[in-house]
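Encoded as C-alpha cells, the structure appears first; notes follow it.
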Amino acid sequence: MTENRDTLYADPLADSAPFAFDDGVARVFPDMIKRSVPGYPTIVAMTGLLAGKFASAGSNLYDLGCSLGASTLAMRQNIRQGGCHIIAVDNSEAMLERCRNIIDTDTHDTPVSLVCSDLRNVAIRDASVVVLNFTLQFIPVECRDQVIQRIHDGLRPGGVLVLSEKVTFEDPHLDELNIQAHHQFKLANGYSELEIANKRTALENVLLPETLGSHRQRIARAGFGSCDVWFQCFNFASLIALK
Ligand code: GEK
C-alpha cells in the first residue's frame, strides 16, 4: 500500500488552527509520524516484542491512543499466549475508521476490540500489557497522575506499561541541543522550514512534553516497582515500568 505524503503544513497560507487528529491527519498519519518521530519504527516493533514477552494467558492488552493500530498490530503479531484480548482505544473517529480497515486485513487471531473513547473513560481490567505510545503527551498534565494510577491498578502483578513520549530536558543547553537535533531530523526527512514552523505553532498547547524525571516520579508514585528508559533518540523516549 502506498502511503499518502504529509503536506498538511506546506501551504504558506495554511490556517493556524490548533492541531487535531481529524480526517486530513488520519489520511497521512503513517508518513507523518515516521518522518516526525525519531525511532518510531523501532519503538513500535519493540512494543510488539515486549508484548510477546509480558502477555499472560487470558489477559487484556491495551493500546491507548492507537491511531491506525501500528502498536496494536505489532502486539498482535507477537502474542503466543492463549485467551488474550487486545483493546485499542482512540478518541478520533477518523483514526479508528481507518484503523478498523487495517486490522481487518491482518490475519493473526488474537481478538481486537476497537473503542472510540477518551482513554480516561476506559476501564483497565485484568491487564498484562498497557501501551501508551505518544499519547499521554496529549492528555492535560493535571489528569496524567490519574491515568497512570488507573493503569497501574488495572495491571496484573508482573504486568508492564510501555510509555513513549516526546520529552523536555531540565538542562536548558541539552533541551536546545535536542530540539535542534529533532529539527535536523525533520529537515533530513524532507520537511521544509515553513512546514516545521507551522506544525510547531499548531502543536503549541496541544502536545505538552514533560521531563523524564517527571515521568519517572509519576510512575513511582503510582506504585510501579521498577521503571527505566529502554529507548531514546534526541527528545523522544520510551520507558518501561513493571508492576
Ligand atoms: C502509534 N500510538 O502509532 N483519548 C484517546 N485517544 C487520544 C486522546 C484521548 N484523550 N488524546 C489523543 N488521543 C500510536 C500513535 S498518536 C501520536 C499515537 C502522535 C489519540 C489521538 O487521536 C491520536 O490518534 C493518538 O492519541 C496520538 O503507535 O500523533 O504524535
Side-chain angles (χ1 to χ4, degrees), residues 37-67 70-76 78-79 81 84-90 115 118-170 178 207-243:
V37 175
Y40 172 77
T42 303
I43 289 174
V44 169
M46 297 309 124
T47 295
L49 294 192
L50 289 168
K53 176 170 170 49
F54 284 94
S56 54
S59 68
N60 295 319
L61 291 83
Y62 290 84
D63 182 7
L64 303 177
C66 61
S67 299
S71 301
T72 294
L73 280 183
M75 292 201 276
R76 195 187 202 197
N78 281 280
I79 297 171
Q81 298 79 349
C84 290
H85 182 182
I86 301 177
I87 297 144
V89 179
D90 206 289
V115 180
D118 189 314
L119 67 91
R120 287 170 287 178
N121 301 327
V122 172
I124 310 291
R125 285 201 193 96
D126 205 18
S128 56
V129 178
V130 179
V131 173
L132 275 169
N133 275 346
F134 305 105
T135 305
L136 194 67
Q137 60 196 18
F138 295 107
I139 303 288
V141 176
E142 66 276 14
C143 300
R144 294 181 188 179
D145 277 6
Q146 207 194 1
V147 169
I148 298 299
Q149 188 66 61
R150 289 178 58 252
I151 291 171
H152 170 271
D153 296 350
L155 275 166
R156 290 180 175 180
V160 72
L161 163 67
V162 177
L163 171 66
S164 308
E165 289 275 290
K166 184 173 191 184
V167 296
T168 55
F169 295 79
E170 265 146 44
N178 282 292
L207 190 170
L208 298 166
E210 295 177 275
T211 60
L212 280 169
S214 301
H215 287 298
R216 283 180 199 277
Q217 283 165 19
R218 177 177 296 117
I219 284 169
R221 274 199 305 277
F224 285 93
S226 312
C227 168
D228 213 337
V229 172
W230 67 269
F231 180 89
Q232 183 170 353
C233 183
F234 306 138
N235 43 356
F236 292 81
S238 188
L239 296 120
I240 185 166
L242 307 177
K243 177 164 172 180

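Remember, predicted model here, so these are calculated numbers, not experimental data. Computed from heavy atoms alone, side chains included, the values below leave out hydrogens, waters and symmetry copies.
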Task: Under the side-chain hydrogen bond (donor to acceptor under 3.5 Å, both in side chains) test, residues paired with Ser59 that sit two or more places apart - done: Ser128

Open item on the list: Using the side chain to side chain contact (heavy atoms under 4.5 Å, CB included) criterion, which residues pair with Arg221? Sequence neighbours excluded.
Closed with: Asp145, Gln217, Arg218

Task: Ser71 OG to Leu50 CG distance, which is reported to the nearest 0.5 Å - done: 11.0 Å

- [ ] Ignoring hydrogens and angles, tell me if any N or O in the side chain of Arg144 forms a donor-acceptor pair with the backbone of Ile139 under 3.5 Å.
- [x] yes

- [ ] Measure across Lys243 and Leu155 and return the closest heavy-atom pair with its distance rounded to 0.1 Å.
- [x] NZ-O, 2.8 Å

Open item on the list: Suppose we screen for side-chain hydrogen bond (donor to acceptor under 3.5 Å, both in side chains). Which residues come up paired with Arg125, at least two apart in sequence or across chains?
Closed with: none

Task: Value rounded to 0.5 Å, distance of CG in Asp228 from CD1 in Ile219 - done: 10.0 Å

Open item on the list: For Asp126, give me all partners under side chain to side chain contact (heavy atoms under 4.5 Å, CB included), at least two apart in sequence or on another chain.
Closed with: Asn60, Arg156

TODO: Look at atom CZ of Phe236 and say whether more than 12 heavy atoms of other residues, nucleotides or ligands are closer to it than 6.0 Å.
DONE: yes

Task: With sequence neighbours excluded, residues passing side-chain hydrogen bond (donor to acceptor under 3.5 Å, both in side chains) with Gln149 - done: Asp153

Task: Between CG on residue Asn121 and CG on residue Asp118, distance to nearest 0.5 Å - done: 5.0 Å

Open item on the list: If I compare all heavy atoms of Arg150 with all of Arg120, which pair ends up nearest, and what's the gap?
Closed with: NH1-O, 3.3 Å

Task: Pairing residues for Phe138 by the ring pair (Phe, Tyr, Trp, His ring centres under 6.0 Å) criterion, not counting sequence neighbours - done: Phe21

- [ ] Over all heavy atoms of both residues, which pair between Cys84 and Ser56 is shortest? Give the atoms and the distance, please.
- [x] SG-O, 3.4 Å

TODO: Using a 4.5 Å cut-off on heavy atoms from C-beta on, say whether the side chain of Leu163 contacts that of Ile151.
DONE: no

Exercise answer: donor-acceptor pairs, residues 39-46 side-chain atoms, under 3.5 Å, sequence neighbours excluded:
none

TODO: Would you indicate whether the side-chain heavy atoms of Val167 and Gln137 approach each other to under 4.5 Å?
DONE: no

Task: Any residue meeting side chain to side chain contact (heavy atoms under 4.5 Å, CB included) with Leu242, in chain and number order, not counting sequence neighbours - done: Phe54, Val160, Ser226, Ile240

Open item on the list: Which residues pass the side-chain hydrogen bond (donor to acceptor under 3.5 Å, both in side chains) test with Ser238, not counting sequence neighbours?
Closed with: Ser164, Trp230

Open item on the list: So, taking the atom named CG in Leu61 and the one named CD in Gln81, what distance separates them when rounded to the nearest 0.5 Å?
Closed with: 8.5 Å

- [ ] Any pair with a residue in residues 43-53 that passes salt bridge (Lys or Arg N to Asp or Glu O under 4.0 Å), sequence neighbours left out, goes on the list, sorted by first then second residue, please.
- [x] none

- [ ] Using side chain to side chain contact (heavy atoms under 4.5 Å, CB included) as the criterion, list what pairs up with Cys233, not counting sequence neighbours.
- [x] Pro38, Phe231

Open item on the list: Is the shortest side-chain heavy-atom distance between Leu64 and Ile124 below 4.5 Å?
Closed with: yes

- [ ] Please collect all ring pair (Phe, Tyr, Trp, His ring centres under 6.0 Å) contacts where either partner lies in residues 149-170, sequence neighbours excluded, each pair once.
- [x] His152-Phe224

- [ ] Check Ala222 against Ile148 and note the closest heavy-atom contact, atom names and distance.
- [x] CB-CG2, 3.8 Å

Open item on the list: For Met75 versus Ala51, what's the shortest heavy-atom pair and its separation?
Closed with: CG-CB, 3.6 Å

Task: Smallest separation among heavy atoms of Ala88 and Thr72, with atom names - done: CB-OG1, 3.5 Å

Open item on the list: How long is the straight-line distance from CD of Glu165 back to CG of Leu207, given to the nearest 0.5 Å?
Closed with: 7.5 Å

TODO: State, with a plain yes or no, whether a side-chain heavy atom of Thr47 is found less than 4.5 Å away from one of Val129.
DONE: no

